[in-house]
Amino acid sequence: MENCKMWIGGKWVDADSGKTFLTHNPATGEVVAEVPLAGASDVDKAVAAARKAFPSWSRRTQAERSDIVARIAAAVREHSAELARLEILEHGAPLDFAPFMLKFAAENIELAASGARTVMGEVLPPASSMGQGPGDAPNTLAYMKREPIGVCALITPWNVPSLLISTKISPCIANGNTCVLKPASINSGIGLKWAEIMATVKDLPPGVVNVVTGPGGTIGQHLSTHPGVDLISFTGSTEVGKAIIAASSQTVKVLGMELGGKNPAIVLEDADVVPVAEELAQIAFMNVGQNCAQPSRFYVHEKIYDKFVEAFVAAARRIKVGDPSDKSTTMGPVANKDQRATIEAYIQSAIDEGARLVLGGKRPTEPPLDKGYFVMPTVFTNVTQNMRIAREEVFGPVVGFLKFSSDEKVIEAANDSVFGLCASVWTKDVARGIKFANELQAGTVWVNQHMNLVAETPWGGFKESGLGKEGGVIGAQMYTQLKLVYLKHI
Ligand code: NAP
């Protein structure tokens, strides 16, 4: 890392306390970056810088702002190899996954730049005074316009670091807001690399984007209660999301919440067993099972259950666990030591509750993998609806299989969850697929796919999986507020 300072008001700064903390390579335990440990006073400075930048940035023409945001996309494309290197080192993303995430990130920014140019208002029926007077009022006009909101706190998780930074920063600033980004602590080096790249962008005014690094429990909490923050866009666990909602209530902020999930994949008896099992195994263990959208509870019709599990396990066995910087690796380490401990506790809970471990369940013990935070792809059968691995988000390479016999029962079981992020159904019968799509309580339902997402698609969960949508032109609306104007020509 060339620059491990925070970026506030267009300047590179240390924490007021002078303190720092380290980030580590999850594959080897080695140090990747030493970054500032921000406290409340650093957050205050970042919010003040964003507030100062807001009036002139929000008054720029849309064409000017979109042009600058498009330059950020170009800079990300130009520096994508450096960012990908850090995604591998600091997050453990495999060699082929990291560039794919950065391509997606650049596309997000390009879409935000052009999408903001399509934001329009609406003309409403003319109003006469409180319904009194002539029905037709040719001298009045009522219209709604979209305006930026102000200073946005953008708080991101560690699971797809660059992708989520891009998803938040670009629509936020393209639509005229300014922001303070707080990346996940364990990916702080990636967050500061984004700052370094944005600092190269011509005409991006100081203070429009500020990046602070430090613990969520202190600086994230301070941002959540800060009177200078107008909007919080948060992606992370439901538990922390609820804490932010509570903390922000005293200052009534706009909230966008992308939270946890326990996503079902439902395989009906007419599905093509082997290809579907292979596709789902590949999807379930991508990014070590650390994508919010991944399926982790598999409901398989009893008629094909045994054959499906056999094909899924055979495909999971072919996954090559290893150092993410090795070309042959298809699954790297989990994000850190704590996350591995959480995953291992879930594996033990499944064993204790009577699920049958049919694959994995352990760490690799042979060097050099013994030094990193690896967990082998893990598959349980005989899972029942009340077990913790069927109800709680593991966020790791652990999946459970449940058997079903009727459409009604499986829809009920899939919906029996506090979460409602996404779901998939696999069938050759399109009408049946549509019936499931209508009945499943989830923000996204795929039929014969899972995890297919592009920059244009808005994303967001039902129930305790979130509030609002993020991504695409619809998601970008979160960063604008509607103003109604009544005008009378006299
Ligand atoms: P997390 O523990 O909730 O942390 C997310 C972010 O919040 C981090 O930057 C964290 O900072 C910060 N934070 C922690 N405590 C805070 C507090 N009291 N106030 C304000 N901010 C606080 O989540 P994670 O473990 O990084 O990520 C995994 C979770 O994200 C999973 O639940 C996953 O489902 C969810 N996720 C959801 C989506 C979606 O689109 N729905 C997408 C990706 C991930 P520190 O890093 O310093 O703790």
Side-chain angles (χ1 to χ4, degrees), residues 21 23 35-40 43 90-91 101 104 108 153-168 180-191 211-226 229 232-248 253 255-263 287-296 334-336 338-343 346 392-396 417-422 442-444 451 453 457-472 475 478:
F21 66 102
T23 69
V35 300
L37 181 77
V43 167
E90 208 178 49
H91 172 57
M101 286 292 111
F104 200 159
N108 271 336
L154 311 177
I155 304 177
T156 55
W158 46 257
N159 67 315
V160 272
S162 288
L163 182 66
L164 289 171
I165 289 172
S166 73
T167 309
K168 294 192 189 302
V180 178
L181 168 72
K182 192 216 98 58
S185 289
I186 61 172
N187 303 141
S188 295
I190 294 173
V211 184
V212 292
T213 49
T218 54
I219 65 167
Q221 164 78 14
H222 194 54
L223 280 165
S224 308
T225 53
H226 205 294
V229 169
I232 301 175
S233 172
F234 170 77
T235 300
S237 61
T238 294
E239 187 191 349
V240 172
K242 287 179 183 174
I244 292 175
I245 293 169
S248 63
K253 301 181 189 316
L255 296 176
M257 294 275 143
E258 302 298 334
L259 309 177
K262 185 74 202 177
N263 311 314
N287 198 25
V288 207
Q290 300 173 135
N291 283 347
C292 57
Q294 272 164 309
S296 59
V334 301
N336 64 9
D338 291 349
Q339 187 57 18
R340 182 175 63 183
T342 303
I343 294 165
Y346 274 112
E392 298 175 24
E393 186 182 42
V394 177
F395 225 53
S417 171
V418 294
F419 298 113
L421 189 56
C422 62
T444 299
M451 286 264 287
L453 291 167
T457 43
W459 176 254
F462 290 0
K463 302 198 268 186
E464 292 193 14
S465 290
L467 292 175
K469 296 282 176 197
E470 178 164 80
M478 181 180 94

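We use all heavy atoms of the structure for the numbers below, so side chains are in, but hydrogens, waters and symmetry mates are not. Every number for a ligand or one of its atoms is a count from 1 in the order of the listing.
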Asks: Under a plain distance cut-off of 3.5 Å, with no hydrogens placed, do Thr156 and Lys182 share a side-chain donor-acceptor pair?
Replies: no

Asks: Measure the distance from atom 20 (C) of ligand 1 to every protein heavy atom, then report the residue, atom name and distance (to 0.1 Å) of the closest one.
Replies: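 Going atom by atom, the protein heavy atom closest to atom 20 (C) of ligand 1 ends up being Gly220 C, 3.3 Å.
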
Asks: Going through the distances and angles, do Val160 and Gln290 end up as a side-chain contact (heavy atoms from CB on, under 4.5 Å)?
Replies: CA-CA 8 Å; Val160 272; Gln290 300 173 135; over 6 Å; no

Asks: Report yes if Leu164 has an N/O atom closer than 3.5 Å to an N/O atom of ligand 1; otherwise report no.
Replies: no

Asks: Counting both backbone and side chain atoms, is some N or O of Trp158 under 3.5 Å from an N or O of ligand 1?
Replies: yes

Asks: Thr213 vs Leu37, test: side-chain contact (heavy atoms from CB on, under 4.5 Å). Steps then yes/no.
Replies: CA-CA 6 Å; Thr213 49; Leu37 181 77; over 6 Å; no

Asks: What do you reckon, does Gly214 put a non-hydrogen atom under 4.0 Å from ligand 1?
Replies: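 Checking ligand 1 against Gly214, which is what was asked, there is a heavy-atom contact under 4.0 Å.
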
Asks: Could you tell me which atoms of ligand 1, counted from 1 in the order shown, lie closer than 4.0 angstrom to a heavy atom of Leu421?
Replies: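 Those of ligand 1 that fall under 4.0 Å from Leu421 are 41 (N).
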
Asks: For residues Ser162 and Ile190, report the shortest heavy-atom separation together with the two atoms involved.
Replies: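 For Ser162 and Ile190, the tightest heavy-atom pair comes out as OG-CG2, 3.6 Å.
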
Asks: Take the angle between the ring planes of Trp158 and His91 and call it parallel below 30°, perpendicular above 60°, tilted in between.
Replies: tilted

Asks: Which residue supplies the protein heavy atom nearest to atom 34 (O) of ligand 1, what is that atom called, and how far is it?
Replies: Glu393 OE2, 2.5 Å

Asks: State the OG1-CD distance between Thr238 and Glu258, to the nearest 0.5 angstrom.
Replies: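 Rounded to the nearest 0.5 Å, the OG1-CD separation comes to 10.5 Å.
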
Asks: Could you tell me whether Ser185 and ligand 1 have an N or O pair separated by under 3.5 Å?
Replies: yes

Asks: Which of the numbered atoms in ligand 1 are under 4.0 angstrom from any heavy atom belonging to Gln221?
Replies: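 Once the distances to Gln221 are compared, the set is 19 (N), 20 (C).
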
Asks: Give me each pair satisfying salt bridge (charged side-chain N to carboxylate O under 4.0 Å, His left out) with a member in residues 458-468, each pair once, sequence neighbours excluded.
Replies: Lys242-Glu464

Asks: For atom 39 (C) of ligand 1, which protein heavy atom lies nearest, and how many Å away is it?
Replies: Cys292 SG, 3.3 Å

Asks: Suppose we measure from atom 35 (C) of ligand 1 to each protein heavy atom; which comes out shortest, and what is that distance?
Replies: Gly236 O, 3.2 Å

Asks: Assess the residue pair Ile244 and Val240 against the criterion (side-chain contact (heavy atoms from CB on, under 4.5 Å)); give the C-alpha distance rounded to whole Å, side-chain angles, the decisive distance to 0.1 Å, and a yes or no.
Replies: CA-CA 6 Å; Ile244 292 175; Val240 172; 4.0 Å; yes

Asks: Using a strict 4.0 Å threshold on nitrogen-to-oxygen distance, state whether Lys168 and Glu470 make a salt bridge.
Replies: yes

Asks: Looking at every heavy atom in both Gly260 and Ser465, which two are closest together, and how far apart are they?
Replies: O-OG, 2.6 Å

Asks: Got Leu255 and Phe234 here, is their nearest side-chain heavy-atom distance under 4.5 Å?
Replies: no

Asks: Would you please name every residue forming a side chain to side chain donor-acceptor pair (under 3.5 Å) with Ser417, sequence neighbours left out?
Replies: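 None.
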
Asks: Identify the heavy atoms of Glu90 and Gly189 that sit nearest to each other, and give their distance.
Replies: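 So the two residues come closest at OE2-N, 3.0 Å.
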
Asks: Can you sort out which atoms of ligand 1 are near Ile244, meaning under 4.0 Å from one of its heavy atoms?
Replies: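 By the 4.0 Å cutoff, the relevant atoms are 19 (N), 20 (C), 21 (N).
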
Asks: Under 4.0 Å, heavy-atom basis, I'd like to know which part of Ser237 is in contact with ligand 1: side chain, backbone, both or neither.
Replies: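 It is both parts that get close, each with some atom under 4.0 Å.
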
Asks: Taking heavy atoms and a distance under 4.0 Å, where does Thr235 meet ligand 1: side chain, backbone, both or neither?
Replies: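 Both the backbone and the side chain of Thr235 come within reach of ligand 1.
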
Asks: Mind checking whether Leu223 contacts ligand 1 via backbone (N, CA, C, O), side chain (CB onward), both or neither, at a 4.0 Å heavy-atom cut-off?
Replies: neither

Asks: Work out whether the distance between some heavy atom of Pro215 and some atom of ligand 1 is less than 4.0 Å.
Replies: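 Contact present.
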
Asks: For residues Thr225 and Ala247, report the shortest heavy-atom separation together with the two atoms involved.
Replies: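 Residues Thr225 and Ala247, closest heavy atoms: CG2-O, 3.5 Å.
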
Asks: Considering non-hydrogen atoms of the protein only, which is the closest contact for atom 27 (O) of ligand 1, and what is the distance?
Replies: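 Checking every protein heavy atom, the shortest distance to atom 27 (O) of ligand 1 gives Pro157 CB, 3.3 Å.
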
Asks: Go through ligand 1 atom by atom and flag the ones less than 4.0 Å from a non-hydrogen atom of Glu258.
Replies: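 Ligand 1 atoms under the 4.0 Å threshold to Glu258: 37 (C), 38 (C), 39 (C), 40 (O), 41 (N).
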
Asks: Between Trp459 and ligand 1, does any nitrogen or oxygen pair lie at a separation below 3.5 Å?
Replies: yes

Asks: Quick one: look up the protein heavy atom nearest atom 44 (C) of ligand 1 and list residue, atom name and how far away it is.
Replies: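 Result: Asn159 OD1, 3.4 Å.
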
Asks: Who's the nearest protein heavy-atom neighbour of atom 11 (O) of ligand 1, and how far?
Replies: Lys182 NZ, 3.1 Å

Asks: Using heavy-atom distances, let me know which of Phe419, Phe395, Phe234 sits nearest atom 33 (C) of ligand 1.
Replies: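 Considering heavy atoms of Phe419, Phe395, Phe234, the nearest to atom 33 (C) of ligand 1 sits in Phe395.
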
Asks: Starting from the C-alpha separation in whole Å, work towards a yes-or-no answer on side-chain contact (heavy atoms from CB on, under 4.5 Å) for Ser188 and Phe21.
Replies: CA-CA 10 Å; Ser188 295; Phe21 66 102; 3.4 Å; yes

Asks: Yes or no, since that's all I need: does a protein heavy atom fall within a distance strictly under 4.0 Å of atom 4 (O) of ligand 1?
Replies: no

Asks: Looking only at N/O atoms, are Gly216 and ligand 1 under 3.5 Å apart anywhere?
Replies: yes

Asks: For atom 41 (N) of ligand 1, what's the nearest protein heavy-atom neighbour? Residue, atom name and distance, please.
Replies: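 Answer for atom 41 (N) of ligand 1: Leu259 O, 2.7 Å.
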
Asks: Check this for me - ligand 1, Thr156, N or O atoms closer than 3.5 angstrom, yes or no?
Replies: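 Yes.
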
